[in-house]
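For the numbers below, each heavy atom of this structure counts, side chains included, while hydrogens, waters and symmetry mates do not. We're numbering straight along the sequence, starting at 1.
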Amino acid sequence: FVDGPLSIGGLDNSMEAMCYDPITDKIIIPLSSTSNLFVVDPNNLSNFTIQPIVLGGEVLHVSAPIMSDNSGNIYCFTESPTAKVIKLNSSTFTVLSTTVIPGGVPPHSGKINITDNKLYFTSTSGPFNNMDLNTNIITQLIIPAGLYTDDMCYIPADPFWVNPNIVIL
């Protein structure tokens, strides 16, 4: 696959996050500091496109996550000039909604819990956030000073866990 800087059609960008969208059967990767997505067929990695997104001057965050809700929507984040959650249609890449992140800190990691229909995200220096995917309302948990967060994972409920859990690493 592609490792390190990408130089295709004049674009020199890195890729840090990716998601698989089961609706389109594509892997979608934000190209850092642009308004473009790298969209690739997982069954034929040489079959890819650079998909521009109309963001009105915004750019995708350098190391932000990208997630699919498995229902035809993907979520990514902008960093400049304003940190926002961007909801896109996974087939057309049309922007469906934008939500400003309170405090303006773009996230570094995130997960969608389709059971409670929430998007959870955090950054290395900001609060822990959850966004209700029905209302786009963001709730923040302020993390104490000196606590460093980086990546997270979602552990669904199973016979060993009574409740689903979010683990921040």
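Closest approach of P65 to P107, counting heavy atoms only: CD-O, 3.8 Å. Smallest separation of non-hydrogen atoms from A83 and G104: CB-O, 3.5 Å. Closest non-hydrogen pair, I29 versus A17, comes out as CG2-O, 3.1 Å. When all heavy atoms of V39 and Q51 are compared, the closest pair comes out as CG2-CB, 3.9 Å.
Rounded to the nearest 0.5 Å, atoms CD1 (I27) and CG (N43) are 8.5 Å apart. To the nearest 0.5 Å, the span separating CG on D116 from CG on N130 amounts to 7.5 Å. To the nearest 0.5 Å, the span separating CZ on F93 from CG on N36 amounts to 11.5 Å. Interatomic distance, I101 CD1 to T78 OG1, rounded to the nearest 0.5 Å: 7.0 Å.
Put simply, the side chain of E58 reaches to within 4.5 Å of the side chain of P81, judged on heavy atoms. A heavy-atom distance below 4.5 Å is found between the side chains of I28 and L37. Contact of the K26 side chain with the D41 side chain is registered, since non-hydrogen atoms from C-beta on lie closer than 4.5 Å. Side-chain contact between L55 and I86: present, with at least one pair of heavy atoms (C-beta onward) separated by less than 4.5 Å. Contact of the P42 side chain with the D25 side chain is registered, since non-hydrogen atoms from C-beta on lie closer than 4.5 Å. The side-chain heavy atoms of I112 and K118, taken from C-beta on, include no pair separated by under 4.5 Å. Counting heavy atoms from C-beta outward, S35 and P52 have side chains that stay 4.5 Å or more apart. Using a 4.5 Å heavy-atom threshold, the side chains of C19 and I74 count as touching.
In this model, no donor atom of one side chain and acceptor atom of the other lie less than 3.5 Å apart for N117 and D69. Checked by atom type, the side-chain pair N73/S71 shows no donor-acceptor distance below 3.5 Å.
A continuous path of Ile, Leu, Val, Met, Phe, Trp and Tyr side chains, each step under 4.5 Å between heavy atoms, connects M18 with I50, placing both in one hydrophobic cluster. Under the 4.5 Å side-chain heavy-atom criterion for grouping Ile, Leu, Val, Met, Phe, Trp and Tyr, Y20 is connected to L31 within one hydrophobic cluster. When the side chains of ILVMFWY residues are joined at heavy-atom separations under 4.5 Å, either directly or via intervening members, V95 and I66 end up in a single hydrophobic cluster. When hydrophobic clusters are built by joining Ile, Leu, Val, Met, Phe, Trp and Tyr residues whose side-chain heavy atoms come closer than 4.5 Å, directly or via intermediates, M131 is not grouped with V100.
Partners of F77 under the ring-ring contact (aromatic ring centres under 6.0 Å, His included) rule, at least two apart in sequence or in another chain, are F121. In terms of the side chain to side chain donor-acceptor pair (under 3.5 Å) criterion, residue partners of S90 (sequence neighbours excluded) are, by chain and number, D21. The salt bridge (charged side-chain N to carboxylate O under 4.0 Å, His left out) check on K87 picks up nothing, with sequence neighbours excluded.
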- [ ] Take L119 and M67, measure what side chain to side chain contact (heavy atoms under 4.5 Å, CB included) needs, and give me the verdict at the end.
- [x] CA-CA 9 Å; L119 165 63; M67 296 150 283; 3.3 Å; yes

Task: L133/Y75 under side chain to side chain contact (heavy atoms under 4.5 Å, CB included): CA gap, chis, key distance, verdict - done: CA-CA 10 Å; L133 296 181; Y75 296 83; 3.7 Å; yes

Task: Step-by-step side-chain hydrogen bond (donor to acceptor under 3.5 Å, both in side chains) determination, N89 to T94 - done: CA-CA 5 Å; N89 176 286; T94 303; 5.9 Å; no

Open item on the list: Quick one, F38 with V40, criterion side chain to side chain contact (heavy atoms under 4.5 Å, CB included). Give me CA distance, side-chain angles, the key distance, then yes/no.
Closed with: CA-CA 7 Å; F38 184 81; V40 64; 4.1 Å; yes

- [ ] Could you please spell out the steps behind the side chain to side chain contact (heavy atoms under 4.5 Å, CB included) verdict for L88 and L96?
- [x] CA-CA 5 Å; L88 302 168; L96 301 174; 5.9 Å; no

